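To keep things clear, I will list the structure first and then write my remarks on it.
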Amino acid sequence: MSELHPPRPFSGGIILSYKCNLSCKHCMYACSPKWKGDWMSEEDALRILSQLAEEAKGKYHDIEVVGVNYGFHFTGGEPFLKFDLLLELVEASSSLGLPSTFVETNCFWCRSDEVTWSRMEALRNAGLKGILVSVNPFIVESIPFERIERAVRVGLKVFDGNVLVYQRLFFELFKSMELKGTMSFQRFLDEVGGALHYAELIPTGRAPYKLGHLYTKHPAGHFFGTSCRQELLRNWHIHVDNYCNYIPGYCAGISLGDARNLDEVCHPSSLKRRPIVKALLSDLRNLYELGKKYGYEEPEKGYVSKCHLCLDIRKHLADSEEFQELKPAEFYSHIED
Ligand code: SF4
Ligand code: SF4
């Protein structure tokens, strides 16, 4: 394979910033309070949103419906840390006709019914179709569960049922435990840790480093012979970050180009200057070999997943600052925050 030819996107997430008030153990994007705190500029956002709106035209049967991989969501980091920007971009998306828009939040700001109602109403009046409420054992380490329950209760009314509770399993579990306030991860493990087996936990980003001890590990060779062609070249969900990196699927730290120019990103281009993507499109073994050339050493403990192997090698390669596809560079320094 000598060319990269990403398909046109169908749905996606707009990462307004990697800055977050939390630093969750499972965060795929390694968000935390330690990031510099850059936010997407309005100018870049408008260029990106207008192209995505054009792209989505005629592809959505119902622009009022939202789904985890259906429509376009504003995310982070935590988008409510800059509510004014969020509101402006929702207004802009609405006038551009971007379908099925929603915002994802950890609910830190849902301190009272009044505040929750007024912010949600402002967003709905600006054209937002729904909200995704994050619920998991890592967020409730810091966010009192009452705020999450409040966001769901108020959201269901304001957005006329368009509330995605992700993940519902944990929401129901915490309700059945009558959880009040926060809960340490250790307490979660002690009391209901078995629930983790039923949860969707994407083993990339910070998770392999912070939660790896809970999972079986394998040597690198275990993952040889597999490629990431499907993940890198899928059209059903992409992300664009505040630096305008066009991120395939959930592969944080990999950029396929400048999202301000969608035609260029989705046009066939040579893989010559993208050796990491080239390796990933063929066989993880090739990425491993590339890492070795740059002095990468396999850890004795092994890896929990192919994404762990991939990320660990990329983290090493990112130090050389030679690879244009490893962006944003800051991502690689916050994986173990
Ligand atoms: S998972 Fe969400 S809430 Fe947690 S650090 Fe990442 S962006 Fe923030
Ligand atoms: S191994 Fe790397 S490229 Fe493949 S899906 Fe995981 S993070 Fe993406």
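Ligands are counted one by one from 1 in listed order, and the atoms in each one are counted from 1 as well. Just so you know, these numbers come straight off a predicted model, no measurement behind them.
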State, with a plain yes or no, whether a side-chain heavy atom of [X] is found less than 4.5 Å away from one of [Y].
X: Thr116; Y: Trp109; answer: yes
X: Ile48; Y: Met40; answer: yes
X: Ile143; Y: Asn21; answer: yes
X: Phe188; Y: Phe170; answer: yes

Return yes if a side-chain donor-acceptor contact under 3.5 Å exists between [X] and [Y], otherwise no.
X: Glu322; Y: Tyr294; value: yes
X: Thr182; Y: Glu141; value: no
X: Asp312; Y: Tyr209; value: yes

Quiz item: From atom 5 (S) of ligand 1, is the closest protein heavy-atom distance below 4.0 Å?
Solution: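 Yes, at least one protein heavy atom sits under 4.0 Å from atom 5 (S) of ligand 1.
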
Quiz item: Is it true that the NZ or CZ of Lys210 lies under 6.0 Å from the centre of Phe138's six-membered ring and within 45 degrees of the ring axis?
Solution: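 No, Lys210 does not lie over the aromatic ring of Phe138.
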
Quiz item: Which ligand 1 atoms, with their elements, are less than 4.0 angstrom from a heavy-atom of Gly77?
Solution: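 Numbered from 1, ligand 1 contributes 7 (S).
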
Quiz item: When Leu86 is tested against each of Leu81, Val103, Leu128 for side chain to side chain contact (heavy atoms under 4.5 Å, CB included), which residue passes?
Solution: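 Exactly one pass, corresponding to Val103.
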
Quiz item: Mind checking whether His316 and Tyr332 have ring centres under 6.0 Å apart?
Solution: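 Distance test on ring centres: not under 6.0 Å, no.
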
Practice problem: Check the angle between the aromatic planes of His218 and His222 and answer parallel, tilted or perpendicular using the 30° and 60° thresholds. | Solution: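 Geometry flag for His222 against His218: parallel rings.
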
Exercise. Give every protein N, O or S atom lying under 2.8 Å from atom 4 (Fe) of ligand 1, naming each by residue and atom.
Key: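 The answer is Cys24 SG.
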
Self-check item: Contacting atoms of ligand 2, where contact means under 4.0 angstrom from a heavy atom of Arg314
Solution: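 In order of numbering, the contacting atoms are 7 (S).
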
Quiz prompt | Under 2.8 Å from atom 6 (Fe) of ligand 2 - protein N/O/S, by chain and number | solution =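 Short answer, with waters excluded from the count: Cys307 SG.
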
